[in-house]
Amino acid sequence: MIPVPSVKYRAHPPVHLPDRTWPDRTLTQAPRWCSVDLRDGNQALAVPMNVSQKLEMFDALVKCGFKEIEVGFPAASNTEFAFNRRLIDEKRIPEDVTIQVLVQAREDLIERTVESLIGARRVIIHLYNSTSPAQRRVVFGKTKEEIIGIARQGARLIKDRLSRLESTGTEVILQYSPESFSATEVEFAKEISEAVMEVWQPTPERKMILNLPDTVEVAMPNVYADQIEWMCRNIKNRDSLVISLHTHNDRGTGVAATELGLLAGADRVEGTLFGNGERTGNLDIVTVAMNCYMHGIAPGLDFSNINALADMYHRTTGMTVPPRQPYAGELVFTAFSGSHQDAIKKGLAERDAGKGPEHWDVPYLTIDPSDLGREYREVIRVNSQSGKGGVAFMLESEFGIELPKDLQREFGPLANDAVDQLGREVSGAELKDMFWKEYVDRTSPWELRHFHADGVDGVFKSRASARHSGEEKQLTGEGNGPIAAFVKSLIEAGVPAFEVSDFKQHALSAGTGASAIAYLKITGPGGRTRWGAGVDTNIELASIKAVLSALNRLGA
Ligand code: KIV
Ligand code: ZN
């Protein structure tokens, strides 16, 4: 029997905020970012990062432009402590980067945390305790007052040790998280946060960070936004606070919750690369930053070589970026389907030609893949779902083969059948081989041996030798150009009458083994048409070969 969920579950109670303002706002600037890869991300790994992996990750985060990086929970393990000490002792932290450390409200842990920070230039000490009804009841078995007591005590223990750090030149910023905030009654979250503020006494000049985590997503993102707006409007001394968001992704809406939370008044965002973190992960900070970017807002983070970052992520965490991960996944800028390929191809061609609107507006591509260091060649890939547009795009982008539209219509279905039979994706080189086999290498029954044409006053005389089914033929003809003369010579040699009905030629790029390609369409008896193609270092010979390729395909 299917269980009745309403008996077992209930919707998280919403906040009463009928005059909410966030739905009418838009994002106009990027938030302050804080990476929590080395702490929240790391603590979610089956095998946590070792010191050298953490160092590699730290350097990569700095390179991306993170100015605040939570480097760990130094009191939690020797590795975490040693990592902090190496960062500080080896002076690996750039001037403009602030490291952040997490600690619970326990004296021994706070003491060890302070030791791990001695000698640092600027640090954020991040205190947290859990505040939701379930945590209060199940984990702590404490009343609200007692939970506030834990927070107040932790805040005091930290405050008492500030002079030790400050006297040795360390600037300290304080951060408090009522952990499980989104599952906590907003009134209680306010009360406990204000209790910590009372101890730390932040001012507009010396703000503290109030981090309001969606530790476990329990509601729709609009509810989180209401909670954030409610806190921003009701907490005292809002101007002495940096309101920070820290979302997870249990319901798959970490990004949405963060974006709505920013509309609701938050200043700062914590998250991880590609959303690594407990359970379904932390907020994917790459996605929110690149979402800002695609709105025309400079995120202040550099993801212009996203593939290298994903490689680093894999090396250091052992995690992989799923192929559909926004912005970073292998397939997110790829179109296999014919109609999508066609639209993308046209959109990119419009941009290349400098036509269309100034801003990016290419169908199916929300962002220019090259802004992430992604290549156009991965945009269109060919399998059995693909159409002529994708085939043509790959031949053109990889080999400079610019098939005429009508030839695309002829070759597209042939390629599609071949790919369908293979039952897998094909590379550009394989498509080129298919094209060569079908058109360029069609030397039976006709194969060119020699061709020469001279023109006087617009009249061309051609002399050619060619094999037909192994038999040598001498062909002479006359026309208003070399191709016309050659066509005439073939007809005079007994080939059923045909005419050239379309023609295009162009130089070829390196890698194709020839310098010119000609495409030529003929119309033969009964109006039957076929395209042919020829390649040669000599452009005239390429077109003559194209005539024979078309004839061979027509079956003449
Ligand atoms: O998810 C969470 O609540 C946390 C806190 C420690 C901020 O990671
Ligand atoms: Zn977290």
Side-chain angles (χ1 to χ4, degrees), residues 12 31-45 48 68-77 80 99-106 109-110 113 123-136 138-140 147 150-151 154-155 158 173-186 188-189 192-193 196 208-219 221 223-224 227-228 231 241-255 257-258 261 266-285 288 317 319:
H12 188 74
R32 238 163 93 173
W33 308 104
C34 174
S35 151
V36 294
D37 290 85
L38 292 159
R39 194 278 299 173
D40 215 348
N42 189 45
Q43 75 187 37
L45 298 173
E68 293 176 5
I69 302 175
E70 192 165 77
V71 289
F73 198 149
S77 75
E80 299 275 290
I99 57 166
Q100 174 170 316
V101 289
L102 183 74
V103 66
Q104 284 164 327
R106 270 179 39 197
L109 302 182
I110 291 172
T113 302
V123 299
I124 300 169
I125 301 181
H126 179 185
L127 171 73
Y128 79 98
N129 69 319
S130 227
T131 55
S132 69
Q135 292 272 0
R136 299 194 306 254
V138 178
V139 183
F140 298 99
I147 296 286
I150 295 174
I158 291 173
I173 298 163
L174 297 171
Q175 172 166 333
Y176 173 66
S177 292
E179 202 230 41
S180 60
F181 160 79
S182 58
T184 302
E185 311 86 330
V186 276
F188 182 59
I192 196 166
S193 302
V196 171
M208 66 170 258
I209 301 169
L210 179 61
N211 189 45
L212 300 174
D214 204 1
T215 306
V216 179
E217 282 200 304
V218 291
V223 175
Y224 184 60
Q227 291 167 327
I228 299 297
M231 286 294 280
L241 297 172
V242 172
I243 298 288
S244 176
L245 306 176
H246 176 115
T247 62
H248 282 259
N249 203 38
D250 300 80
R251 294 166 54 99
T253 55
V255 167
T258 298
D267 312 296
R268 181 181 187 265
V269 165
E270 293 191 348
T272 59
L273 297 177
F274 314 119
N276 182 37
E278 298 279 14
R279 309 177 307 280
T280 50
N282 280 69
L283 165 79
D284 175 10
I285 215 159
V288 178
T317 64
M319 302 291 289

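Values below: every heavy atom of this structure, side chains too, minus hydrogens, waters and symmetry copies. Start at 1 and go down the list; that is how both ligands and their atoms are numbered. Predicted model, so just to flag it, every value in this text is computed and none were measured.
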Q. Taking H248 as the fixed residue, which of D40, T215, D214 is the one that meets the side-chain hydrogen bond (donor to acceptor under 3.5 Å, both in side chains) rule?
A.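 For H248, the side-chain hydrogen bond (donor to acceptor under 3.5 Å, both in side chains) check succeeds only for D40.
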
Q. Checking side-chain hydrogen bond (donor to acceptor under 3.5 Å, both in side chains) against T247, which of N282, T253, T258 comes through?
A.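 Among the candidates, only T258 passes.
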
Q: Name all residues meeting the ring-ring contact (aromatic ring centres under 6.0 Å, His included) criterion together with H126; count only those two or more places apart in sequence or in a different chain, and write none if there are none.
A: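 Not a single residue meets the ring-ring contact (aromatic ring centres under 6.0 Å, His included) criterion with H126.
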
**Q.** Partners meeting ring-ring contact (aromatic ring centres under 6.0 Å, His included) with Y176 (sequence neighbours left out)
**A.**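 With neighbours one apart ignored, the set is empty.
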
Q. Going from CD1 on I147 to CG on N129, what distance comes out if it is rounded to the nearest 0.5 angstrom?
A.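 The distance works out to 6.5 Å.
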
Q. Taking the minimum heavy-atom distance to atom 7 (C) of ligand 1, which of S177, G277, S130 ranks first?
A.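 Answer by nearest heavy atom: S177.
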
Does ligand 1 have a heavy atom under 4.0 Å from the side chain of [X], from its backbone, from both, or from neither?
X	result
N211	side chain
T215	both
E270	neither

Q) Any sub-3.5 Å donor-acceptor pair from T280's side-chain atoms to D250's backbone N or O? A)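 Looks like yes, one N/O pair under 3.5 Å.
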
Q: Examine distances only and state if a side-chain atom of N249 and a backbone atom of G281 form a donor-acceptor pair shorter than 3.5 Å.
A: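 Looks like no, no N/O pair under 3.5 Å.
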
Q. Tell me, which protein N/O/S atoms are under 2.8 Å away from the Zn ion (ligand 2)?
A.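 D40 OD2, H246 NE2, H248 NE2, with waters left out.
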
Q. Are E270 and Q175 linked by a side-chain donor-acceptor pair shorter than 3.5 Å?
A.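 Yes, because at least one side-chain N or O of E270 sits under 3.5 Å from a partner of the opposite role on Q175.
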
**Q.** Numbering as shown, the atoms of ligand 1 that approach H248 to under 4.0 Å (heavy-atom distance)
**A.**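 Those of ligand 1 that fall under 4.0 Å from H248 are 1 (O).
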
Q) Which protein heavy atom lies closest to atom 4 (C) of ligand 1, and at what distance to 0.1 Å? A)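 The answer is H246 NE2, 3.5 Å.
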
Q. Please state which protein non-hydrogen atom is closest to atom 6 (C) of ligand 1 and give its distance, to 0.1 Å?
A.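 Checking every protein heavy atom, the shortest distance to atom 6 (C) of ligand 1 gives R39 NH2, 3.7 Å.
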
(Q) Going by the rule side-chain hydrogen bond (donor to acceptor under 3.5 Å, both in side chains), which residues pair with E68 if we only count those two or more places apart in sequence or in a different chain? (A)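 Only R32, R268 meet the side-chain hydrogen bond (donor to acceptor under 3.5 Å, both in side chains) criterion with E68.
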
Q) What do you reckon, does H126 have a nitrogen or oxygen under 3.5 Å from a nitrogen or oxygen of ligand 1? A)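 No; every N/O pair is 3.5 Å or more apart.
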
Q.
Tell me whether E179 has any N or O atom under 3.5 angstrom from an N or O of ligand 1.
A.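 No.
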
Q: Would you name the heavy atoms of G154 and A105 that are closest together and state the gap between them?
A: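 Shortest heavy-atom contact: CA-CB, 3.6 Å.
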
